[in-house]
Amino acid sequence: MSSPVHYALEGNIGVITVDNPPVNALSQPVREGLFDAIAEAEGDASKAVLIICEGRTFIAGADITEFGKPPAEPWLPAVFDRIEALDKPVVAAIHGTALGGGFETTLAAHYRCAVPTAKVGLPEVKLGLLPGAGGTQRLPRLGGVEAALELMTSGSPIPVSRALELGLVDQIIEGDLREGALAWAEELVAKHAPVLRISEQAVPEHDAAVFDRLRGMAAKRARGQIAPQSIIDCVEAATQMPFIEGSRVEREKFMQLMQGPQSAAMRHLFFAERQAAKIDDLPKDTVKRSVESVGIIGSGTMGGGIAMSFANAGIPVTLIEINDEALQRGLSIVDRNYAGSVKRGKLSEGRAEKCRALISGSTDYDSLADVDLVIEAVFEDPDLKKTIFARLDNVCKPGAILATNTSYQDVDEIAAATERPQDVIGLHFFSPANIMKLLEVVRADKTANDVLATCMALARKISKVPVMSGVCYGFIGNRMLQPYFREAQLCVIEGATPEQVDNAMESWGMAMGPLRVADLAGIDVGYKARQALPEEQRGDPRSYRVADVLAEMGRLGQKTGAGFYRYDPDTRKHANDPLVLEVIEREAAAFGIERREIPDEEIVDRLVYGLVNEGMRIVEEGIAQRPGDIDVVYAFGYGFPVWRGGPMHYADSVGIKRVYERVCEFRDRFGAEAWTPAPLLVQLATE
Ligand code: T1G
């Protein structure tokens, strides 16, 4: 087996080339290859050394697939110390993304150059880790404490133009990187450039108060996560102790995180996200249709956000509305959203204008005659949707993909409203659609393979995380949400307050508690969905009676200033409302419920195990391809804490047997209708 690292002398320069596709991860053979190459350079005639990579990117980090396995030598810090110790200039030449251990490789080098399109970053925090190969000690020395903390606690890569400003990169190479980097290395040799070892540099002046300030911000921004706090501790150590000792602190905290459940959960999501993009029974060579233009029916909140997602990816969009007034209203929402993105510094003025220019409006369906994809995003009226699809069937060109953004409706029925059901698919975006990453791609019975393959790839093009779902009421996410909300409202009528339920779930890690989510989404959404169902299909009336009463009182949530909470008209801050407690007590009495103290642990278990049990059914029915897909749906679409890995991973981390026993206990206490353990849960727990 040849080494993925190649060493050769080119003129005065010893060139180390890493070639480990797909992303030149620092696997054991790569570490060994680097170690041996430096050993060779130590003893040969080279005057300087160049580290460069083949393929689409510079080293994108340690090999995450090796984590959790017995570690193999050489260790990364040892490799980097040997690179840094070399007594001739070492230059790192960056293209693509130098991330994590990849960026740390460049920090062990003495000089860094890059092509203009390259990015550098330390995303370890997104894996529940910290830069464990010298990054927390070298980066503050090179770029300063503030920049180092921002890069490591955000985990977001930066363009090399910004890295140049921060002094993290020394030279931008226009044209061919290898040629330019070799020439630059020769130049450094010619002018006897010194060997600049970052570990020997002092940490620049900084405001020591930054550490506690950032600990507070990280506790809010990454509630429940340990890694950001550990990163801050390591950088603080870098300012207080020599490199060797600071590296010891880094190593210790890295190993704690590596062996902890949070990183295991976030690494699970890293691979689950990439797995979710793959359709097991779809031939790999399925030819995709081209999507160069898109039409969207309905310019409401969803339609406008979906339009921005495509325009932001450079795909022109035509927004269709029933009349001019509605169209102008829709387009002004888009304008406001772009202005907001510019104000928050998310987009530059120029870029926002360029994207906005790709969105046009019309009230004439004929303007969709040549588009490649149409997405219907009107309100949840099944008959209206079928009418629209029948109309699209007449207007759109052969081969156009017809998609519905429904959150619940039967996509097979919608497809049956056309003569081309093979071209129909569900594309379920999440609000706000220009922000939320998740996209449920709903495969209907007759959806053609090339339509499915096209939409899965298109999702990544518009920076969404695609997950395929089969057709059922509410698909993956919203179907699982039913037992979650059922239990939330049952806990309220049985004795908890809305605030207790929300605080219990938020302390456990949910981005927002269920009753606050209901107020944000609008209590009328659930109310209308229930009204559309025959009474016997609405479930246990105790689980929605309070919500129905609030809706009939006009308390629809934030949009009416009151729902389960009341909201300050200026700050939108929520507050408990004694009126709601009165409604709860009155309805509980009407059901003959004696309200009781409910421990937070019971609230969490009922809501989360409700998700898990339904998730098991969704896997066994094949609505989701694999449990990991469900975890991706909940982490990217429903504010499930990434450091718990998603409902299904969480069930594994708690222990399937424990989940099963608790579900059986709930069945015995609250009834089999809500709590019959899913066959897959029974099987996994008993076998
Ligand atoms: N290790 C192993 N496999 C990796 C990998 C990695 N670091 N990065 C990507 N892959 C696989 C991925 O699973 C997929 O496999 C294929 O490569 C293409 O990836 C000590 C501890 C680089 C921006 O967190 O962010 O260094 O599905 O589909 O969209 O301090 O991959 O084809 O079988 O994502 O073009 C820190 C992780 C590690 C970067 C490319 N580094 N990677 O995105 O392709 S921790 C990261 C990415 C660390 C040190 C610490 C992205 C990418 P498959 P892809 P892409």
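One-based numbering, in listed order, for ligands and for the atoms of each. Given the structure is predicted, the values throughout are model-derived calculations rather than measurements.
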Distance check, rounded to the nearest 0.5 Å: N405 atom CG versus H428 atom NE2?
6.0 Å
Would the number of heavy atoms belonging to other residues, nucleotides or ligands and lying under 6.0 Å from NZ of K464 be above 12?
yes
Could you list, one pair per line, each nitrogen or oxygen of ligand 1 together with any protein nitrogen or oxygen closer than 3.5 Å, giving atom names and the distance rounded to 0.1 Å?
{"from": "ligand 1", "atom 1": "1 (N)", "to": "A62", "atom 2": "O", "distance (Å)": "3.4"}
{"from": "ligand 1", "atom 1": "1 (N)", "to": "I64", "atom 2": "N", "distance (Å)": "2.9"}
{"from": "ligand 1", "atom 1": "7 (N)", "to": "A62", "atom 2": "O", "distance (Å)": "2.9"}
{"from": "ligand 1", "atom 1": "26 (O)", "to": "A62", "atom 2": "N", "distance (Å)": "2.8"}
{"from": "ligand 1", "atom 1": "26 (O)", "to": "G101", "atom 2": "N", "distance (Å)": "2.8"}
{"from": "ligand 1", "atom 1": "27 (O)", "to": "K278", "atom 2": "NZ", "distance (Å)": "2.6"}
{"from": "ligand 1", "atom 1": "30 (O)", "to": "E104", "atom 2": "OE1", "distance (Å)": "2.6"}
{"from": "ligand 1", "atom 1": "30 (O)", "to": "E124", "atom 2": "OE2", "distance (Å)": "2.7"}
{"from": "ligand 1", "atom 1": "30 (O)", "to": "G132", "atom 2": "N", "distance (Å)": "3.0"}
{"from": "ligand 1", "atom 1": "34 (O)", "to": "R274", "atom 2": "NE", "distance (Å)": "2.7"}
{"from": "ligand 1", "atom 1": "34 (O)", "to": "R274", "atom 2": "NH2", "distance (Å)": "3.3"}
{"from": "ligand 1", "atom 1": "35 (O)", "to": "R56", "atom 2": "NH1", "distance (Å)": "2.9"}
{"from": "ligand 1", "atom 1": "41 (N)", "to": "A60", "atom 2": "O", "distance (Å)": "2.9"}

Of the non-hydrogen atoms in V160 and A114, which two are nearest, and what is the gap between them?
CG1-CB, 3.7 Å
Partner of V642 under side-chain contact (heavy atoms from CB on, under 4.5 Å), picked from Q225, Q262, H268, is Q225
Ring-face cation of R215 near F211 (centre distance under 6.0 Å, axis angle within 45°):
no
So which pairs with a foot in residues 246-270 pass salt bridge (Lys or Arg N to Asp or Glu O under 4.0 Å), sequence neighbours left out?
D233-K253
